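The structure appears right after this line, and notes come after that.
Since the structure is predicted, the reported quantities are computational estimates derived from the model, not experimental observations.
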Amino acid sequence: MNFALILFVLLVATGLIWLTDVLVFRKRRQPGAPDPLWVEYGAGFFPVILVVFVLRSFIAEPFKIPSGSMIPTLQIGDFILVNKFTYGIRLPVINKKVIPLNDPKVGDVIVFRYPEDPSLDYIKRVVGVPGDKVAYQDKRLTINGKPVPTKALPDYLHGDRLYYSQHFEENLGGVQHEILNDADAPAFISDAIQFPGRDDCLYNNSGVVCTVPPGHYFVMGDNRDNSRDSRFWGFVPDENIVGKAFFIWWNFGEMRRIGSFH
């Protein structure tokens, strides 16, 4: 369901009702006469829908985390806010950038339209920007020949499934965050698809090495062995980016999770 399109249609419909009433029918009504129902329920909702549309389209948009690919940074069921203007102003519905501002940086957590199916929104962490050579070999991340610093942490317990993952703190572009690996998961990528720019990637038994093409980004989940990301389906085009995730505003199961994250 394209909620942005639905909201836009409602905005246009209620706006036309409000404008028609102001320019035509309001002048014909007797002073003190009650508004007809079509005005009360149509034009009456226009200011509310307008405010919601502007806030959601240009300021911040809410999303719900549906999967565990970003554990431990984000948990299933987290409700997050996404900054819609930090990477530039985009036209609603069509997501076309009209005012460029900042570019995504290594370490940013972004929401984007899945390249294989733009009706789906994905969330991952940027690990490579245009021109970067990203290597993920034997479960170690290297960018432009420099290994990304990591520090071992106590194993991470998945409470819902009662098993442990290897747990690390990673410093990615100055952003310190936690990642997980599963010791029994293979390092090689078994089912990568054919995607635009795959010729810029080399797959081997140890993983993958890619050079990020212009206007694209290489993204990965923090739950490294439980995330389908750029290793499997390729690069994220700039035009697919929705915004930067920055705040958890609700989680029904864990209220203490509310707050900002890295």
Ile241 and Pro104 have their tightest heavy-atom pair at CD1-CG, 3.6 Å
Can you give me the closest heavy-atom contact between Cys201 and Val208, atom names plus distance? CB-CG2, 4.3 Å
Side chains of [X] and [Y]: do they bring a donor and an acceptor to under 3.5 Å?
{"X": "Asp200", "Y": "Thr211", "answer": "no"}
{"X": "Asp222", "Y": "Thr73", "answer": "yes"}
{"X": "Gln137", "Y": "Asn204", "answer": "yes"}
{"X": "His262", "Y": "Gln176", "answer": "no"}
{"X": "Ser227", "Y": "Lys124", "answer": "yes"}

Salt bridge [X]-[Y], side-chain N to carboxylate O under 4.0 Å:
{"X": "Arg90", "Y": "Asp238", "value": "yes"}
{"X": "Asp108", "Y": "Lys244", "value": "yes"}
{"X": "Asp78", "Y": "Arg257", "value": "yes"}
{"X": "Asp229", "Y": "Arg231", "value": "yes"}
{"X": "Glu170", "Y": "Arg224", "value": "yes"}
{"X": "Arg228", "Y": "Asp191", "value": "yes"}
{"X": "Arg26", "Y": "Asp35", "value": "no"}

Pairs where residues 30-64 contributes a residue and the test disulfide (SG to SG under 2.5 Å) is met, not counting sequence neighbours: none
Just verifying a value: how many Å separate [X] [atom1] and [Y] [atom2], rounded to the nearest 0.5 Å?
{"X": "Phe46", "Y": "Leu16", "atom1": "CZ", "atom2": "CG", "answer": "9.0 Å"}
{"X": "Ser260", "Y": "Leu81", "atom1": "OG", "atom2": "CG", "answer": "11.5 Å"}
{"X": "Tyr41", "Y": "Leu37", "atom1": "OH", "atom2": "CG", "answer": "6.0 Å"}
{"X": "Leu172", "Y": "Leu141", "atom1": "CG", "atom2": "CG", "answer": "6.5 Å"}

Going by the angle between their ring planes, with limits at 30° and 60°, are Tyr163 and His158 parallel, tilted or perpendicular? parallel
What class does the angle between the rings of Phe79 and Phe252 fall in, given that below 30° is parallel, 30 to 60° is tilted and above 60° is perpendicular? perpendicular
Please determine which of Asp103, Val134, Val127, Asp132 meets the side chain to side chain contact (heavy atoms under 4.5 Å, CB included) test together with Tyr217. Asp103
Checking side-chain contact (heavy atoms from CB on, under 4.5 Å) for the pair Val109/Phe261: CA distance, chi angles, key distance, verdict? CA-CA 9 Å; Val109 178; Phe261 60 89; 4.2 Å; yes
Taking the cut-offs as 6.0 angstrom to the six-membered ring centre and 45 degrees off its axis, would you call Arg113 and Tyr122 a cation-pi pair? no
Between Trp233 and Tyr114, does the side-chain contact (heavy atoms from CB on, under 4.5 Å) criterion hold? Intermediate values first, please. CA-CA 9 Å; Trp233 43 254; Tyr114 178 42; 3.6 Å; yes
